[in-house]
Engineer: 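This structure is in structure tokens; I'll ask about it shortly.
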Amino acid sequence: MKIACYVSDTKRDKRLFEALAKGFRKHGDTVELVSKTPALIECGVVAADLAVYVGVRTSSLRVHVAAKRQGQRTLMLDKGYFTRGSYHRFSLDYPQPSYLHRMSYDRERLTSFGITHVKQHRNIVARDVVYVESTQKYYTFHGMGDVKLYSSRVCKQLVSAVSKSRRDLRVVYRPRAAAFGTIGPTPSGTYLADPSSQSFASLLPFAYCVVIHGSNAGVEAMLAGVPVLSIGSCEVNPIHDIANQGMVNVLSLITPDEEVVMHRMAQLAWCQFDRQETASGLAWEHVRRWL
């Protein structure tokens, strides 16, 4: 198999792709490291069986679109689900693994990340419907338009839903931390949870539910025993199929059984790898079987 890895100029990316190349070659694959420049991508991706890129960056979107246009498979890497600073998640063809339901692993690897059970953090008088915003890069990658306009529409729907029959609830808007320390206007009728002064974890004890499109905040909330409402899909949200789905269900939420949650987390634990596991070929050994 020929694999094209699209590398940016950052030291972090270069170290990651050096490890990737070593891991791929241990399995007998041919690897080409390609400088990820807009001019190159606009001329088309290089001939390969698999195109590899990192994150939901603008350049990554160019690679993804061009590779799909030429009939190539894709492998996307991004921050891990657990111990995020040291691990990258691997996903074939989509931003999230579409093959999770086919994975059957025990919990040994998950336990190694210090996760042994669902922790019931939610307060009995939880009152907050927490909407978690993603980055503009995320919304652009998925063709969702302007992040603030999207958030405004979602929050308007949530405010309308709770104001009609659950006046004990309030909608909390959790924006992304702004690059220059400023946050845009808070959607009408919502309460601001400022990321510069409130951690996401501090919101969970008071959360009636967490509303996400594809943020990893959903994984954190589910592990804290908080109901999750997914307005995304399985392609962008790794817990979509075991979460509540669609705005219509915001007032009739269910929480999946702990066994279901822990099984999914065990599956996700085998979708993320550190640099040593990547360079040794372990990561590709587990991911390639889903090609």
Engineer: Rounded to the nearest 0.5 Å, what separation is found between the CZ atom of R62 and the OG1 atom of T58?
Structural biologist: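 So the gap between those two atoms works out to 6.0 Å.
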Engineer: Give me the one residue out of P175, P187, P185 that meets side-chain contact (heavy atoms from CB on, under 4.5 Å) with K148.
Structural biologist: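 When P175, P187, P185 are each tested with K148, the side-chain contact (heavy atoms from CB on, under 4.5 Å) holds only for P175.
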Engineer: Do any N or O atoms from the side chain of S163 and from the backbone of V159 form a donor-acceptor pair under 3.5 angstrom?
Structural biologist: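 Yes, because the side chain of S163 sits within donor-acceptor range (under 3.5 Å) of the backbone of V159.
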Engineer: Is there a donor-acceptor contact under 3.5 Å from the side chain of D257 to the main chain of V260?
Structural biologist: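 No.
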Engineer: Tell me whether F206 is reachable from V162 by hopping between hydrophobic residues (I, L, V, M, F, W, Y) whose side-chain heavy atoms are closer than 4.5 Å.
Structural biologist: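 Shared cluster, no.
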Engineer: CG/L291 to CZ/R73 distance, rounded to the nearest 0.5 angstrom?
Structural biologist: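 Spacing of CG (L291) from CZ (R73) equals 5.0 Å.
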Engineer: Hey, does T190 have a side-chain heavy atom less than 4.5 Å from the side chain of V172?
Structural biologist: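 In short, these two side chains do not touch, never coming nearer than 4.5 Å.
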Engineer: When rounded to the nearest 0.5 angstrom, what distance separates SG in C234 from CD in Q245?
Structural biologist: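 The SG atom of C234 sits 7.0 Å away from the CD atom of Q245.
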Engineer: Could you walk me through whether V54 and L16 pass side chain to side chain contact (heavy atoms under 4.5 Å, CB included), step by step?
Structural biologist: CA-CA 10 Å; V54 175; L16 172 61; 3.8 Å; yes
Engineer: May I ask you to decide whether K2 forms a salt bridge with D49, counting only side-chain N to carboxylate O separations under 4.0 Å?
Structural biologist: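 Here K2 does not pair with D49 in a salt bridge, since their nearest N and O are not under 4.0 Å apart.
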Engineer: Taking atom NZ of K68 as the centre, does the number of heavy atoms from other residues, nucleotides or ligands within less than 6.0 Å exceed 12?
Structural biologist: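 Yes, NZ of K68 has more than 12 neighbouring heavy atoms, counting only those of other groups under 6.0 Å.
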Engineer: Quick one: side chains of residues 261-268, donor-acceptor pairs under 3.5 Å with protein atoms, not counting sequence neighbours, listed by atom name and distance.
Structural biologist:
unit_1	atom_1	unit_2	atom_2	d
H263	NE2	Q267	NE2	3.2
R264	NE	Q267	OE1	2.7
R264	NH1	P238	O	2.8
R264	NH1	D241	OD1	2.7
R264	NH2	D241	OD2	3.1
Q267	NE2	L100	O	2.8
Q267	NE2	M103	O	2.8

Engineer: Measure from the ring center of F273 to the ring center of F90 and say whether it is less than 6.0 Å.
Structural biologist: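 For F273 and F90, the ring centres are under 6.0 Å apart.
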Engineer: Looking at every heavy atom in both Q72 and A51, which two are closest together, and how far apart are they?
Structural biologist: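 The pair with the smallest heavy-atom distance is OE1-CB, 3.7 Å.
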Engineer: Is a side-chain donor or acceptor of Q70 paired with a backbone partner of A67 at a separation under 3.5 angstrom?
Structural biologist: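 Checking the backbone N and O of A67 against the side chain of Q70, no donor-acceptor pair under 3.5 Å is found.
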Engineer: If you measure from NZ on K22 to NZ on K26, what distance do you get to the nearest 0.5 Å?
Structural biologist: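 It is 8.0 Å, given to the nearest 0.5 Å.
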Engineer: Shortest non-hydrogen contact from V250 to C209?
Structural biologist: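 Heavy-atom minimum between the residues: CG2-SG, 4.4 Å.
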Engineer: Does L158 belong to the same Ile/Leu/Val/Met/Phe/Trp/Tyr cluster as L149, with side-chain heavy atoms less than 4.5 Å apart forming each link?
Structural biologist: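 No.
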Engineer: Could you give the distance from CD (E220) to NZ (K119), rounded to the nearest 0.5 Å?
Structural biologist: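 That separation rounds to 12.0 Å.
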Engineer: For the side chain of D78 and the backbone of R89, is there at least one donor-acceptor N/O pair under 3.5 Å apart?
Structural biologist: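 No, because the side chain of D78 does not come within donor-acceptor range (under 3.5 Å) of the backbone of R89.
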Engineer: The criterion is side-chain hydrogen bond (donor to acceptor under 3.5 Å, both in side chains); which residues satisfy it with Y138, sequence neighbours excluded?
Structural biologist: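 With neighbours one apart ignored, the set is H213.
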Engineer: In the structure I gave you, are the side-chain heavy atoms of V52 and L77 within less than 4.5 Å of one another anywhere?
Structural biologist: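 Side-chain contact under 4.5 Å: yes.
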Engineer: CZ of R12: more than 12 outside heavy atoms within 6.0 angstrom?
Structural biologist: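 Check fails, neighbour count at 12 or below.
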Engineer: Quick one: do I239 and V228 satisfy side chain to side chain contact (heavy atoms under 4.5 Å, CB included)? Show the steps, please.
Structural biologist: CA-CA 9 Å; I239 58 169; V228 175; 4.0 Å; yes
Engineer: Looking only at heavy atoms, which two atoms of F24 and L75 are closest? And how far apart?
Structural biologist: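 So the minimum-distance heavy-atom pair works out to CZ-CD2, 4.1 Å.
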Engineer: Mind checking whether R174 and V210 have side chains closer than 4.5 Å, heavy atoms only?
Structural biologist: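 They are not in side-chain contact.
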Engineer: Please give me the minimum heavy-atom distance between A161 and L251, naming the atom from each residue.
Structural biologist: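 Closest heavy-atom pair between A161 and L251: O-CD1, 3.4 Å.
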Engineer: Hey, is the main chain of H88 close enough, under 3.5 Å, to the side chain of Q272 for a donor-acceptor pair?
Structural biologist: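 The answer is no, because no donor-acceptor pair under 3.5 Å joins these two groups.
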Engineer: If only side-chain N and O atoms count, and only distance matters, is there a donor-acceptor pair under 3.5 Å linking H240 with S230?
Structural biologist: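 H240 and S230 do have a side-chain donor-acceptor pair below 3.5 Å.
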Engineer: Quick one: are T278 and F17 in side-chain contact, heavy atoms under 4.5 Å?
Structural biologist: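 No, side chains not in contact.
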Engineer: What's the spacing between T140 OG1 and D146 CG if we round to 0.5 Å?
Structural biologist: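 Here the rounded value is 8.5 Å.
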Engineer: Answer yes or no: is there a side-chain heavy-atom contact under 4.5 Å between W290 and P97?
Structural biologist: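 Of all side-chain heavy-atom pairs linking P97 with W290, none is under 4.5 Å.
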Engineer: Does any N or O in the side chain of R84 come within less than 3.5 Å of the main-chain N or O of G80, such that one atom is a donor and the other an acceptor?
Structural biologist: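 Yes, R84 side chain to G80 backbone: donor-acceptor pair under 3.5 Å.
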Engineer: Under the 3.5 angstrom rule, does the side chain of H27 hit a backbone N or O of G281 as a donor-acceptor pair?
Structural biologist: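 Yes; at least one donor-acceptor contact below 3.5 Å.
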Engineer: Would you check if the distance from the ring center of F113 to the ring center of Y87 is below 6.0 Å?
Structural biologist: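 Centroid separation for F113 and Y87: below 6.0 Å.
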Engineer: Measure the shortest side-chain to side-chain distance between H142 and S134 over non-hydrogen atoms and say whether it is less than 4.5 angstrom.
Structural biologist: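 No. Closest side-chain heavy atoms not under 4.5 Å.
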Engineer: Taking D128 for the side chain and V130 for the main chain, is one N or O donor matched with an acceptor at less than 3.5 Å?
Structural biologist: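 No, D128 side chain to V130 backbone: no donor-acceptor pair under 3.5 Å.
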Engineer: I'd like to know whether V287 forms a side chain to side chain contact (heavy atoms under 4.5 Å, CB included) with L92, so could you lay out the CA-CA distance, the side-chain angles of the two residues, the decisive distance to 0.1 Å, and finally the verdict.
Structural biologist: CA-CA 8 Å; V287 176; L92 289 166; 3.8 Å; yes
Engineer: Could you give me the CA-CA distance, side-chain angles and deciding distance for Y6 and V46, then say whether side chain to side chain contact (heavy atoms under 4.5 Å, CB included) is met?
Structural biologist: CA-CA 10 Å; Y6 292 85; V46 301; 3.4 Å; yes
Engineer: Is the distance between the ring centroids of Y139 and Y150 under 6.0 Å?
Structural biologist: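 They qualify: ring centres under 6.0 Å apart.
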Engineer: List the steps and the verdict of side chain to side chain donor-acceptor pair (under 3.5 Å) for S280 and Q276.
Structural biologist: CA-CA 6 Å; S280 71; Q276 182 177 351; over 6 Å; no
Engineer: Are the side chains of S98 and E235 in touch, meaning some heavy atoms are under 4.5 Å apart?
Structural biologist: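 A side-chain contact under 4.5 Å is absent here.
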Engineer: Could you walk me through whether R107 and E259 pass the salt bridge (Lys or Arg N to Asp or Glu O under 4.0 Å) check?
Structural biologist: CA-CA 11 Å; R107 298 182 188 174; E259 183 66 26; 2.9 Å; yes
Engineer: How about D13 and S8: does a side-chain donor come under 3.5 Å of a side-chain acceptor?
Structural biologist: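 Per modelled atom types, D13 and S8 side chains form a pair under 3.5 Å.
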Engineer: Please answer: with hydrophobic residues joined when any side-chain heavy atoms are less than 4.5 Å apart, are W270 and Y94 in the same cluster?
Structural biologist: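 Unlinked, W270 and Y94 end up in two clusters.
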Engineer: Establish whether L282 and M1 are linked, either directly or via other cluster members, by ILVMFWY side-chain heavy-atom contacts under 4.5 Å.
Structural biologist: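 Unlinked, L282 and M1 end up in two clusters.
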Engineer: S151: which residues meet the side-chain hydrogen bond (donor to acceptor under 3.5 Å, both in side chains) condition with it, sequence neighbours left out?
Structural biologist: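 Expected list: Y131, E133.
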Engineer: If every non-hydrogen atom of Y208 is compared with every non-hydrogen atom of L253, which pair is closest and at what distance?
Structural biologist: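 Taking every non-hydrogen atom into account, CE2-CD1, 3.4 Å.
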Engineer: Would you call V7 and K14 a side-chain contact if the rule is heavy atoms closer than 4.5 Å?
Structural biologist: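 Side chain of V7 against side chain of K14, heavy atoms only: contact under 4.5 Å found.
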Engineer: Over all heavy atoms of both residues, which pair between I212 and G218 is shortest? Give the atoms and the distance, please.
Structural biologist: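 Between these two residues, the closest heavy atoms are CD1-CA, 3.5 Å.
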